[in-house]
Amino acid sequence: MAAIVGKGQNYSISPCMYGLDTAKTDVERFYALYNTHLEAIKYGVDVDYDGVPNPINIEIPKDAQSIPLTKYNFFNNVVINVKNSSKNFYLFRMTQPTDSIYVSKKAIDVGDFTNVKGLRQGRHLLILTDNCLWVDKRQGHEYGHTRRDIILVENGKAANKPIMPYNTPETKPSVQVCAVSDVIKVVSGITINRDKDAKFKTFCFDIQNQYNVELCDININTPASTLTADNAIRISDCAKVQLDHVHINGTYSRTDYYGYGILMNNVWQSDMLNLY
């Protein structure tokens with residue numbers, strides 16, 4: 001492993017330490033970024049994009065896995081040009097695992113979890129899924145609609161409530177939980193250009209199971225394409241999310257078929273500023 005360098009008491013690693021500046025192919029450059037972020041996650045440090053070659057041309061290999069994001073992702077206005085002839089793929093991902101937990105329907109509606117051992121102290125996200133379909137079959141679709149909610153719990157008390165009660169005979173909730181903190185996670189200062197000859201979709205950011213996240217100064221450029229069903233930015237099972245100065249210029253979509261610039265699912269307390 002390359003040595004981790006320090007800046008005072010703040011430590012970071014550069015993609016150039018993992019071969020970005022000497023890579024000969026677009027695939028090698030992808031792995032340089034992937035390996036840098038993987039090591040940063042492993043050692044609890046951040047990635048320093050200061051002084052890296054710009055733009056960075058990458059290609060998605062067939063066995064690629066999403067590049068994991070750290071807490072602070074300041075890309076220093078880097079431009080990433082992406083080729084993709086391999087598979088539909090999320091380029092960057094910020095996620096964490098969840099655990100199953102039992103909470104009563106009454107506790108969900110009242111918002112008091114002080115009797116639940118794992119929720120008495122600290123801050124947690126409860127991710128609720130009603131296993132009884134709200135709609136058996138949506139009009140114009142071959143599938144139903146599953147109700148989901150997210151609740152922020154602080155020292156056993158809910159900061160918000162579900163839209164409708166869960167304490168009903170028909171409701172069958174299952175609950176996942178993850179611990180979160182008030183530390184702001186940041187993704188900032190990057191332009192992603194999706195290649196005009198792409199055979200598959202490169203989705204740019206996947207944010208899951210997070211609290212207090214800011215995405216700012218982000219540009220995503222998508223040329224005209226026959227591809228559809230875009231999720232350029234996906235945010236799911238999150239609370240307190242802010243997007244500021246995000247520009248999405250074109251999506252994989254058609255007038256008769258969907259394509260999301262931003263796909264949000266089960267998100268509470270979101271702010272959009274200077275969004276294009």
Side-chain angles (χ1 to χ4, degrees), residues 66 69 71 90 93-185 187 203 205-215 229 231-243 258 260-273 275:
S66 297
L69 293 168
K71 289 182 180 178
Y90 280 98
R93 175 167 283 152
M94 180 185 292
T95 188
Q96 65 172 324
T98 61
D99 295 311
S100 296
I101 190 171
Y102 171 77
V103 294
S104 69
K105 297 180 184 181
K106 180 179 179 181
I108 292 172
D109 289 353
V110 173
D112 187 345
F113 304 96
T114 52
N115 291 326
V116 181
K117 183 178 180 180
L119 302 177
R120 292 172 187 165
Q121 294 183 330
R123 183 180 281 110
H124 298 82
L125 288 180
L126 288 187
I127 302 166
L128 313 177
T129 301
D130 187 352
N131 294 310
C132 180
L133 288 176
W134 268 34
V135 179
D136 288 332
K137 184 179 290 188
R138 294 175 59 197
Q139 186 174 357
H141 299 276
E142 295 300 318
Y143 55 88
H145 178 71
T146 300
R147 175 193 182 190
R148 306 179 72 229
D149 281 279
I150 190 162
I151 297 177
L152 175 66
V153 180
E154 297 177 301
N155 296 323
K157 296 289 187 175
N160 62 303
K161 292 186 177 183
I163 300 301
M164 292 291 287
Y166 271 76
N167 193 16
T168 71
E170 296 81 7
T171 307
K172 299 177 182 178
S174 61
V175 185
Q176 296 287 312
V177 63
C178 60
V180 295
S181 74
D182 59 357
V183 173
I184 300 174
K185 302 176 183 68
V187 182
F203 309 124
F205 296 100
D206 186 22
I207 312 297
Q208 300 177 346
N209 309 330
Q210 301 295 321
Y211 173 76
N212 210 4
V213 180
E214 292 185 5
L215 286 79
N231 302 324
I233 297 174
R234 182 172 70 174
I235 303 171
S236 54
D237 299 328
C238 292
K240 198 176 181 182
V241 178
Q242 183 178 101
L243 282 76
Y258 78 91
Y260 295 106
I262 302 171
L263 173 63
M264 304 180 76
N265 190 0
N266 203 23
V267 178
W268 175 67
Q269 203 177 65
S270 57
D271 292 320
M272 308 291 176
L273 307 170
L275 177 65

Test item: Ser66 side-chain N/O and Tyr90 main-chain N/O as donor-acceptor pair under 3.5 Å = yes
request  = Look only at the side chain of Arg120 and the backbone of Thr114, and say whether a donor-acceptor pair between them is shorter than 3.5 Å.
outcome  = yes
ask   = Hey, does the side chain of Lys240 reach the backbone of Val213 with a donor-acceptor pair shorter than 3.5 angstrom?
value = no
ask   = Given side chains that start at C-beta, do those of Val187 and Glu214 come closer than 4.5 Å, heavy atoms only?
value = no
task = Flag the pair Ser270 / Met264 as yes when at least one side-chain heavy-atom distance between them is below 4.5 Å, and no otherwise.
result = yes
key: Whether Asp136 side chain and Gly144 backbone form a donor-acceptor pair below 3.5 Å   = no
query = Do Pro173 and Leu128 come close enough that some side-chain heavy atom pair is under 4.5 Å?
reply = no
key: Min side-chain heavy-atom separation Pro162-Ile108 under 4.5 Å   = yes
inquiry  = The test is ring-ring contact (aromatic ring centres under 6.0 Å, His included); show your working for Phe203 and Phe205 and say whether it passes.
reply    = CA-CA 6 Å; Phe203 309 124; Phe205 296 100; over 10 Å; no
task = Before giving the answer on side chain to side chain donor-acceptor pair (under 3.5 Å), spell out for Gln210 and Asn212 the whole-Å C-alpha distance, their side-chain angles and the decisive distance to 0.1 Å.
result = CA-CA 7 Å; Gln210 301 295 321; Asn212 210 4; over 6 Å; no
query = Should Asp149 and Lys161 count as an ion pair when the cut-off is N to O under 4.0 Å?
reply = no
query = Within the distance-only criterion (no hydrogens, no angle test), does the side chain of Asp109 pair as donor or acceptor with the backbone N or O of Pro165 below 3.5 angstrom?
reply = no
query = Is there a side-chain contact between Ile207 and Val241 (heavy atoms, below 4.5 Å)?
reply = no
query = Does a side chain donor of either Asn266 or Asp237 reach within less than 3.5 Å of an acceptor in the other side chain?
reply = yes
ask   = Within a strict 4.5 Å, meaning less than it, do heavy atoms of the Trp134 and Met164 side chains meet?
value = yes
message = Looking at Ser181 and Val183, would you say the former's side chain and the latter's main chain have a donor-acceptor pair under 3.5 Å?
response = yes
inquiry  = Does any part of the side chain of Ile101, heavy atoms only, come nearer than 4.5 Å to the side chain of Gln176, both counted from C-beta?
reply    = no
ask   = Any side-chain heavy atom of Leu125 sitting closer than 4.5 Å to one from Asn209?
value = no
query = If only atom types and distance count, is the side chain of Asn231 paired as donor or acceptor with the main-chain N or O of Leu263 below 3.5 Å?
reply = no
task = State plainly whether the residues Asp112 and Lys157 are in salt-bridge range, i.e. N to O under 4.0 Å.
result = yes
request  = For Tyr211 and Asp182, run side chain to side chain donor-acceptor pair (under 3.5 Å): C-alpha distance rounded to whole Å, both residues' side-chain angles, the deciding distance at 0.1 Å, then the answer.
outcome  = CA-CA 7 Å; Tyr211 173 76; Asp182 59 357; over 6 Å; no
Atom pair CD (Gln269) and SG (Cys238), whose distance is rounded to the nearest 0.5 Å = 12.5 Å
request  = Using atom types as modelled and distance alone, determine if a side-chain donor or acceptor of His124 lies under 3.5 Å from a backbone N or O of Gly118.
outcome  = yes
